[in-house]
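Computed from a predicted model, the values in this text were never measured in an experiment.
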Amino acid sequence: MLVGYLEQNPYAGEWDLIIPMPTYVGDDGRAWDHVDLIVERASVEGPDWPFHRDLMRKTKATPRLVEQRGFRARAEVAERDIGPALEVVDPSAVKNKAVLVVDDVFTSGLSLREVARKLRQAGARTVGGIVLARQPFGS
């Protein structure tokens, strides 16, 4: 589905790197990285796309934004917990690059905002996001 979408949208070729949203796997985190598996499979189906699965990582478990009540609470968690837990593994790999981040569900955009901040701080020229689903607004 991801590769099909990229192939059908002309702007998709403007990305230098396509990466999964970082997910913490381990104690207090997820058992496996579901978004990384999507990108891994997409890289097999669309080997000409610039998929890179190891450029960012999440260093620890963080509260889930969907469990926070209201935008302000979500924004506080994103800035206080999610942003500091993100790491660009190789800043030289993102320097002056256009990076597209793949995520599973759009809730508020706050996680992507924190990922974009880290990538921009590491030198990325631009950062965009693509999601597979959207949580209904007001949830």
Side-chain angles (χ1 to χ4, degrees):
M1 183 169 76
L2 176 60
V3 171
Y5 179 83
L6 293 171
E7 289 176 347
Q8 294 299 315
N9 288 279
Y11 79 91
E14 298 174 13
W15 301 104
D16 300 309
L17 304 168
I18 303 173
I19 68 170
M21 175 67 78
T23 300
Y24 179 72
V25 176
D27 293 339
D28 299 323
R30 292 188 181 264
W32 48 283
D33 189 342
H34 59 295
V35 179
D36 183 63
L37 290 176
I38 293 167
V39 171
E40 177 185 34
R41 183 62 189 164
S43 69
V44 172
E45 296 294 323
D48 296 332
W49 288 96
F51 294 110
H52 295 272
R53 298 174 37 229
D54 56 359
L55 293 179
M56 278 197 85
R57 69 185 192 110
K58 193 171 187 183
T59 61
K60 63 182 179 179
T62 58
R64 293 179 44 155
L65 292 182
V66 71
E67 295 170 356
Q68 308 307 308
R69 307 226 350 116
F71 186 82
R72 179 168 287 159
R74 289 175 179 170
E76 288 174 8
V77 168
E79 291 177 19
R80 181 189 65 232
D81 298 308
I82 295 174
L86 297 171
E87 176 182 63
V88 177
V89 176
D90 182 5
S92 66
V94 302
K95 188 168 179 67
N96 295 320
K97 303 288 186 189
V99 183
L100 181 64
V101 181
V102 177
D103 201 0
D104 59 343
V105 178
F106 175 86
T107 302
S108 62
L110 293 166
S111 294
L112 178 60
R113 181 184 73 178
E114 295 304 315
V115 168
R117 281 185 186 173
K118 289 290 183 172
L119 288 165
R120 297 280 296 178
Q121 288 170 357
R125 182 176 76 250
T126 190
V127 179
I130 185 170
V131 296
L132 303 178
R134 179 179 65 99
Q135 180 181 4
F137 286 115
S139 300

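With a 6.0 Å radius and a threshold of 12 heavy atoms from other residues, nucleotides or ligands, E67 has its CD atom above the threshold. Shown here is R80, whose CZ atom has more than 12 heavy atoms of other residues, nucleotides or ligands within 6.0 Å.
Interatomic distance, CE of M56 versus OG1 of T23, reported as 11.0 Å (0.5 Å rounding).
The minimum heavy-atom distance between P84 and A78, with the atom names listed, is CD-O, 4.5 Å. Closest of all the heavy-atom pairs between A124 and V99 is CB-CG2, 4.1 Å. Across all their heavy atoms, V3 and A42 have their closest contact at CG2-O, 3.3 Å. The shortest non-hydrogen separation linking P22 to V115 is CD-CG2, 3.9 Å.
Looking at residues two or more places apart in sequence or on another chain, you find a side chain to side chain contact (heavy atoms under 4.5 Å, CB included) between L100 and L6, W15, I18, I130. T62 meets the side-chain hydrogen bond (donor to acceptor under 3.5 Å, both in side chains) test with K58; sequence neighbours excluded.
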Under the side chain to side chain contact (heavy atoms under 4.5 Å, CB included) rule, what do I82 and L110 come out as? Steps first, then yes or no, please.
CA-CA 9 Å; I82 295 174; L110 293 166; over 6 Å; no
For a side chain to side chain contact (heavy atoms under 4.5 Å, CB included) check, start with the C-alpha distance between V77 and L65, then their side-chain angles and the critical distance, and finish with the verdict.
CA-CA 7 Å; V77 168; L65 292 182; 3.7 Å; yes
CA sep, side-chain torsions, deciding dist, call: L17, V94, side chain to side chain contact (heavy atoms under 4.5 Å, CB included):
CA-CA 8 Å; L17 304 168; V94 302; 4.0 Å; yes
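Between I19 and V39 there is no side-chain heavy-atom pair separated by less than 4.5 Å. Looking at heavy atoms from C-beta onward, I38 lies out of side-chain contact with P20 at the 4.5 angstrom threshold. By the 4.5 Å heavy-atom criterion applied to side chains, V25 and D36 are not counted as neighbours.
Among residues at least two apart or in separate chains, salt bridge (Lys or Arg N to Asp or Glu O under 4.0 Å) pairs with a member in residues 99-122 are E79-R113, E114-R117. Residue pairs meeting the salt bridge (Lys or Arg N to Asp or Glu O under 4.0 Å) criterion with at least one member in residues 81-91, sequence neighbours excluded, are R57-E87. For residues 37-47, every residue pair satisfying the side-chain hydrogen bond (donor to acceptor under 3.5 Å, both in side chains) rule, not counting sequence neighbours, is listed here: R41-E45. Among residue pairs with one or both ends in residues 5-24, those qualifying as salt bridge (Lys or Arg N to Asp or Glu O under 4.0 Å) are D16-R125; sequence neighbours excluded.
No chain of hydrophobic side-chain contacts below 4.5 Å, direct or via other Ile, Leu, Val, Met, Phe, Trp or Tyr residues, connects V101 to V105. Note: the hydrophobic cluster containing V89 does not contain Y24 (ILVMFWY, side chain heavy atoms under 4.5 Å, direct or indirect links).
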